[in-house]
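Working notes, structure below.
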2 protein chains.
Amino acid sequence: MTITGPNRTTGCKTVALLAYDGCQGSAIASLIEVLDIANLYGARGDPRAEPLFRWGVVSPDGRAPVAMGGLDIAVGGSPASVPAPDLVFIPGLHFTGDVAHFMQQIASLAQDCGAWLRAQHEGGRVVAVSCAGAFVLAESGLLDGRKATTSWWLGKLFRARYPRVDFREGELVTQDGRILSSGAFTACLDLALRIVEHFGGPALALSCAKVLLIHAKRDSQFPYMTLQARVAHQDELVLRAESHIRSHVRETLSVEQLAAELATTPRTLNRRFREVLGCSPKQYIQDLRVEGAKRLLESTDLDFGEIVERVGYVDPRSFRRIFERATKVSPSLYRRMFSISQG
Amino acid sequence: MTITGPNRTTGCKTVALLAYDGCQGSAIASLIEVLDIANLYGARGDPRAEPLFRWGVVSPDGRAPVAMGGLDIAVGGSPASVPAPDLVFIPGLHFTGDVAHFMQQIASLAQDCGAWLRAQHEGGRVVAVSCAGAFVLAESGLLDGRKATTSWWLGKLFRARYPRVDFREGELVTQDGRILSSGAFTACLDLALRIVEHFGGPALALSCAKVLLIHAKRDSQFPYMTLQARVAHQDELVLRAESHIRSHVRETLSVEQLAAELATTPRTLNRRFREVLGCSPKQYIQDLRVEGAKRLLESTDLDFGEIVERVGYVDPRSFRRIFERATKVSPSLYRRMFSISQG
DNA sequence: CCGGTAATTGTCATTTCCGCCCCTGTCGTC
DNA sequence: GACGACAGGGGCGGAAATGACAATTACCGG
């Protein structure tokens, strides 16, 4: 797939999509299709109109990579084969849980494409990444001091590795100057819409959204997050506290009580939790309760008041506040999003 | 991309994905990735576990097709190269508005693959289609008397062409026996989840949904539908009526009044509308008003009561009912889904 | 046994925010 | 048209989190 003809001399925008081994092929295919649809709807009524977008797929070495899941993707050459793109897109990368291997892939990509990416950005082009693609940009230093996001399950790793980036946890799409980033897998669709909006305006983006069946205004990744495994640790006191909490989540549970139970003081408990788990005991309990409520919303028809009681709260109003802070959606919307039972 | 090894002798399920010229490549890539993720999450804790899914991409003639937007897709061969798949998937096809050309593509596909598809289905395999893929199945006679859906903008065409199919307008995913179908573009993600659920259970599907950032329970295409261009016609009376309606939508408007205005009777007006446009004058007016309300919800901050008045209604309660019947969501949710302004 | 040092814990004041209560408005259902 | 479940604003008393600093403990070599 190669680019033909000129671009910057006209109103037509050129997009270069970077494919590489193990990349999320659907992000590339989706973006292409969204641009294709935008071309169709943008030229409504005039079939001879110049298309709004052109695009080409490239790879670091110019050879066809094998995407995630084993799909072969044909490319038009190395990055140099798309002269003067208006936008560069880097898809994500599957993370299987092996941090070392993952970071090594990122480092290798950054080495191959970092200089090119920096040059593109300095040359005034828009750079858009989705999912783990943000790591490549961060590694290349392009995100220092800038807003960015990534897949929700990579958030902690990202924040730890790149403290200089203005990391926006849980956001779906971020924009900072000419740098766009987006979250997990299908967030690339929201990113694609943002790109269409950027070059073609909000009305065109909305038309595309309706054809594609995407909310034009999905707002965050928060509702999708699940409680991740805590860091392993050896703190005997905290371990005992965790165990005690786990077996009493359903009951009213105060930190003071808990401290007494473990023959220590609230202050110590607080300090140790923060040190080892990075949060307060109360927070820990709340997280568990919210996760419990999510399970009940997903798998039962109990009404919210009942669920509130089951996870150890009395007042629906307060627990709703906590639930919404964690998930960024209301309980009923959460249920509509993730209910397992038939509807 | 080829399948290696056996399949039906074990618990592993094999999926054959059919690619063809102009097909929606992202549907293929997405399904592959969803299956890949399902393999990862399904085997949690046991890296040596046999994967739940295997897959292979094929094309009618075994050669690599060029997907929508110009993306080349590598295939493992013709349909015969995936022996005994457990599921066959057919992606959609871009519809640019040229019905004749579209139907010719469908006919050609049905000719190439119809017999194979029928054999697969008769052999007990699951057949899944997304978007315009339903036309291929319908053309091959596999959908007669069965539930099916397709992209919302193809609904009328589908119903007209295949009256024997139990067409479910606006549904996102349908299942009838071993035949699955899904609606517009990204509905293939919902279909993919349904496939995972079918072979791996609801809990696994939910885990995948959260990683992919998909609602596990998106319910319909209705909110995304927009008023489509009406059929062109020559009925002078109806044309005058349409014109009169368009210029008076904002005012209270009765069919009786309208008939008087055009020097005819309500009965005639009804008959002619039904004959030419397939709906009643009242329905026609309502459709316009709902569409007007949608525009206002998308682009302004006016509250619903105000909008109701602007489109010519008095009672918010009754207009809400009409709005919800058409869109299947409440006005406030519609605004949250498609609001153009910042939020 | 002692004093020095560092790590940990306790005390307390401050601020934040939780949890409970009131209420109204919206939505879907019957 | 009425009802019940849900959403969410606001206020208040009290619990929780945390910083600063003092007190205690643990661990040394001398």
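Letters go in sequence order (proteins before strands), and every chain restarts at 1.
Counting any heavy atom pair closer than 4.0 Å across all strands shown, Asp315(A) reaches a base atom. Among the atoms of the strands shown, base atoms are found under 4.0 Å from some heavy atom of Arg271(A). Nucleic acid contact for Pro331(A): sugar-phosphate only, since backbone atoms but no base atoms lie under 4.0 Å from a heavy atom of the residue. Using a 4.0 Å heavy-atom criterion, one finds that Tyr313(A) contacts the sugar-phosphate atoms exclusively.
Around the CD atom of Gln234(A), the shell of radius 6.0 Å holds no more than 12 heavy atoms that belong to other residues, nucleotides or ligands.
Along DNA chain D, the nucleotide nearest to Val255(A) and the one nearest to Glu324(A) differ in position, and the one closer to the 5' end is contacted by Glu324(A). Mapped onto DNA chain C by nearest heavy atom, Arg317(A) and Arg325(A) fall at different nucleotides, with Arg325(A) at the one closer to the 5' end.
Put simply, CD1 on Ile307(A) is 14 Å from P on dA5(D), counting in whole angstrom units. Rounded to whole Å, atom C1' of dC6(D) lies 16 Å from atom CG of Asp301(A). The separation between Gln286(A) atom CD and dC18(C) atom C1' is 7 Å, rounded to whole Å. One can place CG of Leu333(A) at 9 Å from P of dA7(D), the figure rounded to the nearest angstrom. Between the CZ atom of Arg335(B) and the P atom of dT26(C) there is a distance of 13 Å, rounded to whole Å. As a whole-Å value, the separation of Asn270(A) CG from dG10(C) P is 12 Å.
Results of the side chain to side chain contact (heavy atoms under 4.5 Å, CB included) test with Thr174(A) over Thr150(A), Leu180(A), Thr149(A), Leu191(A) single out Thr149(A) as the only residue that passes. Each of Phe319(A), Phe323(A), Phe304(A) was compared with Tyr313(A) under the ring-ring contact (aromatic ring centres under 6.0 Å, His included) criterion, and only Phe319(A) meets it.
Neither OP1 nor OP2 of dA16(D) sits under 4.0 Å from any side-chain N or O of Gln283(A). Look at Arg267(A) and you won't find any side-chain N or O under 4.0 angstrom from OP1 or OP2 of dT11(C). Using a 4.0 Å cut-off, no side-chain N or O of Ser254(A) falls inside it from OP1 or OP2 of dA15(D). The phosphate of dA7(D) has OP1 or OP2 within less than 4.0 Å of a side-chain N or O from Ser332(A). At dT8(C), none of the side-chain N or O atoms of Thr268(A) fall inside 4.0 Å of OP1 or OP2 (strictly under the cut-off).
With respect to Glu298(A) and Lys294(A), no salt bridge is recorded, no charged nitrogen being found less than 4.0 Å from a carboxylate O. Taking the charged nitrogens against the carboxylate oxygens, Glu275(A) and Arg272(A) have no contact shorter than 4.0 Å, which rules out a salt bridge.
Checking dA16(D), dG8(D), dT8(C) against every side-chain atom of Ser330(A), the shortest atom distance belongs to dG8(D). Of the candidate nucleotides dC6(D), dT18(D), dG10(D), dG10(D) has the atom nearest to the side chain of Arg321(A). When each of dC20(C), dG19(C), dG10(C) is scored by its nearest atom to the side-chain atoms of Lys282(A), the top-ranked nucleotide is dG19(C). Listed nucleotides dG19(C), dG28(C), dG8(D) differ in distance to Arg320(A); the shortest reach to its side chain belongs to dG8(D).
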